[in-house]
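Before any comments, here is the structure.
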Amino acid sequence: MASELILGIETSCDETSAAVVRGGREVLSNVVASQLVHSDYGGVVPELASREHLRAIVPVLREAMQRARVSYADLDAIAVTEGPGLAGALLVGITFAKAFAFGLNKPLIAVNHLEGHIHAVLMDATNPGAPGLASETWEARSPLLALVVSGGHTHLYLATRVPDLTWHYRNVGKTLDDAAGEAYDKVAKLLGLPWPGGPWMDALAAHGDPGAVPFRFAQIKKKATGNTAAKLSRENLDHADKTRFDLSFSGIKTAVRRYVELNAMQPSIAARSAALRSAGLHRAKPSEALALVLPHFDPQTLNLIASFQASVTSYLTRTAFAAAEHFGAKGLIVSGGVAANTELRRRISVEAAQRGLAVAFPSIALSTDNAAMIAAAAWPKFLARDFAPDTLEPTPQLRLG
Ligand code: KG4
Ligand code: ZN
């Protein structure tokens with residue numbers, strides 16, 4: 001095992017994280033400080049996120065170094081998230097990483113956050129979801145279909161291993177409106193759940209009937225307009241349709257809102273929201289407070305939550321496997337905050353086992369934003385001496401593939 005140490009720094013949204021990873025795989029430390037302040041507003045407030053990163057970055061970094069039991073001189077490179085993300089939040093991590101790399105005279109590596117999510121899985125090569133595959137490396141399974149599904153992104157990538165040990169990514173599908181995690185969070189907010197709502201929806205769904213409310217996802221149709229229509233022949237359009245696996249989550253959000261209105265659920269939602277807040281539960285996590293929060297929910301709301309979860313996870317599963325089949329992927333990897341979802345993991349694992357396709361998820365800790373995945377994604381760049389200039393700046397809209 002290679003012994004070079006990379007310090008990763010991640011500040012793209014509302015988690016301040018620093019990690020030390022050896023040889024691109026062995027996590028020596030991975031400290032994540034989640035910003036609770038946003039719970040009071042029901043969503044991430046960008047200015048507050050930047051301020052909280054500024055507060056947290058030094059203590060988080062010190063703790064990561066202490067837990068890893070290494071000194072600054074032992075580090076071989078500093079990796080930082082370049083984008084995508086919130087401009088001010090990214091700026092804190094990048095400015096800090098640049099100053100740190102300069103002061104220590106170590107190379108700086110810029111990492112795409114989305115590639116980080118993919119490497120969260122690749123790093124954990126011994127963690128495949130399907131049994132009997134633990135001894136095989138994911139590198140041997142190229143091309144892979146990667147589903148990156150989080151609060152900011154819902155993307156499908158075809159990841160191909162290229163000879164210089166790095167990966168080539170082709171974006172083969174993405175959400176045309178909300179990200180899946182965003183839909184979870186918005187529906188959760190609509191129903192008066194604590195923020196972020198995704199983990200709460202997941203925990204509460206287990207107490208409802210997933211078949212109670214039948215939600216449907218319409219197939220995405222590509223519309224050609226103006227010049228585009230003139231340029232694209234019908235044949236080309238058909239081809240484009242068949243090779244894209246785009247998704248949409250705004251419809252189900254509207255359907256939930258309509259259901260709430262039709263069933264006059266607003267008064268009970270407002271009462272629940274106020275009760276949770278006055279009990280201080282609006283900042284709680286399901287792992288700590290499910291038993292206290294659950295009694296605030298009636299069966300109708302629990303059924304609605306369970307139906308939403310069943311519908312979204314089935315849609316993601318269907319689309320991911322259709323893309324994997326279309327591109328002849330030899331494995332499927334699922335990453336990002338929503339990859340922590342129990343129902344999504346269950347459905348994808350069952351389907352993969354039926355199809356005999358290898359599948360892998362990161363551990364729950366590596367599913368949501370963290371710096372270990374940034375240090376892991378930096379490893380091939382470190383080997384290729386692909387270092388960032390000292391003029392590195394945030395790229396909030398950075399794309400992958
Ligand atoms: O990857 P991440 O930490 O940040 C982004 O890059 O967006 O993902 C956070 C998102 C949030 O929308 C959160 O509600 C969602 O992931 N999430 C979940 C679960 N855990 C986190 N959604 C559904 N089920 C979960 N168990
Ligand atoms: Zn993320």
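Whatever order the structure lists them in is the order used to number ligands and atoms, beginning at 1.
- Residue Q35 comes nearest to L48 through the heavy atom pair OE1-O, 4.4 Å, listed as atom of the first residue, atom of the second, then distance.
- The shortest N or O to N or O distance between G197 and ligand 1 is not below 3.5 Å.
- A339 approaches L344 most closely through the heavy-atom pair CA-CD2, 4.4 Å.
- Near G151, with a cut-off below 4.0 Å to any heavy atom, the atoms of ligand 1 are 5 (C), 7 (O), 8 (O), 9 (C), 10 (C), 12 (O).
- Close contacts between ligand 1 and G152 involve ligand atoms 7 (O) [criterion: under 4.0 Å to a heavy atom].
- Using 4.0 Å as the threshold, C13 has no heavy atom nearer than that to any atom of ligand 1.
- Within ligand 1, counting atoms from 1 as listed, the ones closer than 4.0 Å to a heavy atom of G198 are 14 (O), 18 (C), 19 (C), 22 (N), 23 (C), 24 (N), 25 (C).
- No other N/O/S atom of D369 lies as close to the Zn ion (ligand 2) as OD1 does.
- The single protein non-hydrogen atom nearest to atom 23 (C) of ligand 1 is N341 ND2, 3.4 Å, given as residue, atom name and distance.
- Looking from atom 8 (O) of ligand 1 to the surrounding protein, the closest heavy atom is G337 CA, 3.3 Å.
- In terms of polar-atom proximity, defined here as any N/O pair under 3.5 Å, T368 makes no such contact with ligand 1.
- If you number the atoms of ligand 1 from 1 as listed, the ones under 4.0 Å from a heavy atom of A340 come out as 20 (N), 26 (N).
- A side-chain N or O of T16 and one of H53 form a donor-acceptor pair less than 3.5 Å apart.
- The number of heavy atoms from other shown groups lying within 6.0 Å of CZ (R318) is above 12.
- Shortest non-hydrogen contact noted between S248 and T175 is CA-OG1, 4.1 Å.
- With contacts defined as side-chain heavy-atom distances shorter than 4.5 Å, the pair L357/F321 qualifies.
- Among the atoms of H117, an N, O or S atom falls under 2.8 Å of the Zn ion (ligand 2).
- Shortest non-hydrogen contact noted between A212 and S307 is N-OG, 3.5 Å.
- For the ligand labelled ligand 1, residue H117 lies inside the 4.0 Å heavy-atom shell.
- Close contacts of ligand 1 with H113, meaning ligand atoms under 4.0 Å from a residue heavy atom, involve 6 (O).
- For the pair G181 and ligand 1, the shortest N or O to N or O distance falls below 3.5 Å.
- Among all heavy-atom pairs drawn from V31 and S17, the shortest one is O-OG, 2.8 Å.
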Does the pair H326 and F245 meet the rule for a ring pair (Phe, Tyr, Trp, His ring centres under 6.0 Å), with working shown?
CA-CA 10 Å; H326 179 87; F245 291 87; 5.5 Å; yes
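- The closest approach between Q309 and ligand 1 stays at or above 4.0 Å for every heavy atom of the residue.
- Among the atoms of H113, an N, O or S atom is found under 2.8 Å from the Zn ion (ligand 2).
- Comparing D369, N370, D185, V338 against atom 14 (O) of ligand 1, the shortest heavy-atom distance belongs to D185.
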List the steps, then state whether ring pair (Phe, Tyr, Trp, His ring centres under 6.0 Å) holds for Y315 with F249.
CA-CA 10 Å; Y315 179 50; F249 293 93; 5.5 Å; yes
Output, in order, the C-alpha distance, side-chain angles, deciding distance and verdict of ring pair (Phe, Tyr, Trp, His ring centres under 6.0 Å) for F308 and Y184.
CA-CA 9 Å; F308 172 86; Y184 260 100; 5.0 Å; yes
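- The part of D202 lying near ligand 1 is the side chain, judged by heavy-atom distances below 4.0 Å.
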